[in-house]
Colleague: 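Take this structure, written in structure tokens, and hold onto it; I'll ask about it next.
Atom set for the values below is all heavy atoms of this structure, side chains included, hydrogens, waters and symmetry mates excluded. Counting convention: from 1, in listed order, for ligands and their atoms alike.
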Amino acid sequence: MLVVKFGGTSVGKPERMKKIATLLLDTPGKKIVVLSALSGTTNTLVRIGDHLLAQQQTGAQQEIAELEKHYTTFINELYTTEAYKAIGQEIVSRYFSLFRLLAAGRFDERSYRELLAQGELISTELFYHHLQERKTPARLLPALHFMSIDENNEPELEKISERLKPIIETMSNVDIIVTQGYICRNHKNEIDNLKRGGSDYTASLIGAAIRAEEIQIWTDIDGMHNNDPRIVKKTVPIAELTFDEASELAYFGAKILHPSTIVPAQKYSVPVRLKNTMDEKAFGTLISNKGTSGEFKAIAAKDDITAIKIKSSRMLLAHGFLRKVFEVFEKNKTSIDMVSTSEVAVSVTIDDNKYLNAIVEELENFGSIEVDQNQTIICIVGNHLADKEGVLRYVFDSLGSIPIRMVSYGGSYNNISILVDRSHKDKALNLLNEGLFGLK
Ligand code: ADP
Ligand code: ASP
Ligand code: MG
């Protein structure tokens, strides 16, 4: 069985939705199809939710009305027959009545999460009826029946698998099973989600849960590129990546994949293929256990990083000092990305400032603290970087005069991480593209 995920742009226009239906019909075998919301929908739902939390009814109502117009046009182009246009209209009316109901009630964080989930629910329902109109046998599989996260917001892979397998068995008579990406239930059984971009994660979790043959992630670009195409002009797709390499790139900011996507697939060695809906023939990227040659493979960057320096000449060399420092982060449920130490200070980076004040307050017991916000981690990924000669020289030579705040090297075979101020990010990515890949 294949798991095939289509992102927002791949379903964002009626003709694209029709195209992916054709693509699925042309792909032999059984498939679980994971869909995102139509492009722009989740962003709009976030704006509606923000208005409502701030009790700005007018703003919310305007956004709802505009979104409804968009969906009304969409269904009229998606469906051809009057009968299906009527079905489409019924679906749109039902969802928008719900939005207005949510807006009229006591709007809290829970209603917010319920609102965010509607994007994927509506896109899958519209797509399912498009398949029906084309007389293609398919089933709708509600993600809220099997996808769950625990009290730490971690997906419950074993439980997902236990719930999913028997449901799929009941659907053995069809080749296309359509489900929602992104959405799930939390430990209180409330509607929740896997964070922005989470549909990739859904696909990987399903792929791991059913030990799929392959997980395909269809998007608007021909695979993982060697650098961020939104910032660097000349980038090239990478044909093959190992799970470790892809995992580092996703975690450190390559937007094409949700940061955790690779983890479940890697656990059960299910290959992940990245494909381009706009150019089906392009090879894309194959992510698997197989390593490939090539020194530098790709660069990714992760913003909104905070660096914390703890200066303590008195305590740094004492036994157990680092443990005490790390315990502060553990207690405050904040994970550390980079670490660097010297005789008088230790610097760490975090990507979540939720508990920053509490962390700083506790760390002040150990010494003086400096906090730098708006930093960016640039992650250079490649094959056996740690045992090749002179790799750091290439990196430093490429970066020229860009000030580097921290460096992490040797932690794994395939990663060099560098911390720079956010203001230097774009220039640094371009310089590395030229220096490491000869692309200008
Ligand atoms: P989808 O809606 O299909 O999930 P996303 O917008 O989340 O698509 O991801 C695809 C986008 O990721 C591309 O259009 C591209 O701009 C961006 N991107 C960032 N870094 C990379 C990279 N290294 N390789 C490919 N795409 C990247
Ligand atoms: N629709 C969600 C988002 O925009 C999930 C996804 O597209 O992957 O974040
Ligand atoms: Mg995405």
Colleague: Find out whether the Lys NZ or Arg CZ of Arg163 is both under 6.0 angstrom from the six-membered ring centre of Phe146 and within 45° of the ring's axis.
Modeller: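 So Arg163 doesn't make the cation-pi contact.
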
Colleague: Nearest heavy atom to atom 10 (C) of ligand 1: which of Val236, Ile238, Thr219, Val11 does it belong to?
Modeller: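 Of the listed residues, Thr219 has the closest heavy atom.
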
Colleague: How are the rings of Phe296 and Tyr394 set relative to one another: parallel (under 30°), tilted (30 to 60°) or perpendicular (over 60°)?
Modeller: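 Phe296 vs Tyr394 ring planes: perpendicular.
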
Colleague: Parallel under 30°, tilted from 30 to 60°, perpendicular over 60°: which one fits the rings of His70 and Phe74?
Modeller: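 It falls in the tilted class, 30° to 60°.
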
Colleague: Tell me whether ligand 2 is touched by Gly197 - counting only heavy atoms on the residue side and a distance under 4.0 Å.
Modeller: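 Yes.
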
Colleague: For Phe252, does the six-membered ring have the charged nitrogen or CZ of Lys302 within the cation-pi criterion, i.e. under 6.0 angstrom from the centroid and within 45° of the normal?
Modeller: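 Lys302 over Phe252 ring: yes.
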
Colleague: Could you tell me which atoms of ligand 2, counted from 1 in the order shown, lie closer than 4.0 angstrom to a heavy atom of Thr42?
Modeller: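 Here the atoms of ligand 2 in question are 1 (N), 2 (C), 3 (C), 4 (O).
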
Colleague: Backbone or side chain, does any N or O of Ser36 fall under 3.5 Å from an N or O of ligand 2?
Modeller: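 Yes.
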
Colleague: Check this for me: does any side-chain nitrogen of one of Lys281 and Asp279 sit under 4.0 Å from a carboxylate oxygen of the other?
Modeller: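 The answer is no: the pair does not qualify as a salt bridge.
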
Colleague: Show which atoms of ligand 2 fall inside a sub-4.0 Å distance from at least one heavy-atom site of Arg196.
Modeller: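 Near Arg196, meaning under 4.0 Å from one of its heavy atoms, ligand 2 has 3 (C), 4 (O), 9 (O).
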
Colleague: Closer than 4.0 angstrom: is that true for some heavy atom of Lys5 and an atom of ligand 1?
Modeller: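 So Lys5 counts as touching ligand 1.
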
Colleague: Distance-only criterion, 3.5 Å: show the donor-acceptor pairs between side-chain atoms of residues 259-267 and protein atoms not counting sequence neighbours.
Modeller:
residue, atom, partner, partner atom, Å
Thr261, OG1, His258, N, 3.2
Thr261, OG1, His258, O, 2.7
Gln266, NE2, Asp244, OD1, 3.0

Colleague: Just to be sure I read this right, does ligand 2 sit under 4.0 Å from the backbone of His258, its side chain, both, or neither, counting only heavy atoms?
Modeller: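 Neither; no heavy atom under 4.0 Å.
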
Colleague: To the nearest 0.5 Å, what is the distance between OG1 on Thr124 and CD1 on Ile183?
Modeller: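 These two atoms lie 7.0 Å from each other.
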
Colleague: Taking distance alone, with no angle check, do Gly8 and ligand 2 share an N/O pair under 3.5 Å?
Modeller: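 No.
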
Colleague: Please confirm whether Tyr182 comes within less than 3.5 Å of ligand 2 when only nitrogen or oxygen atoms on both sides are compared.
Modeller: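 By distance alone, the answer is no.
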
Colleague: To check your reading of the model: name the closest protein heavy atom to atom 6 (C) of ligand 2, its residue, and the distance in Å.
Modeller: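 Nearest protein contact, heavy atoms only, for atom 6 (C) of ligand 2 is Ser199 OG, 3.3 Å.
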
Colleague: Purely on distance, is any nitrogen or oxygen of Lys195 under 3.5 Å from one on ligand 2?
Modeller: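 Min N/O separation from ligand 2 is not below 3.5 Å for Lys195.
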
Colleague: Mark up the atoms of ligand 2 that fall under 4.0 Å of a heavy atom belonging to Glu120, in ascending order.
Modeller: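 Atoms satisfying the 4.0 Å criterion: 1 (N), 2 (C), 5 (C).
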
Colleague: Validate the cation-pi geometry between Lys333 and Tyr355: distance from NZ or CZ to the six-membered ring centre under 6.0 Å, angle to the ring axis within 45°.
Modeller: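 Verdict for Tyr355: no cation-pi partner in Lys333.
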
Colleague: List ligand 1 atoms under 4.0 Å from Pro229, heavy atoms only on the residue side.
Modeller: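 Atoms satisfying the 4.0 Å criterion: 15 (C), 18 (N), 19 (C), 20 (N), 21 (C), 22 (C), 26 (N), 27 (C).
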
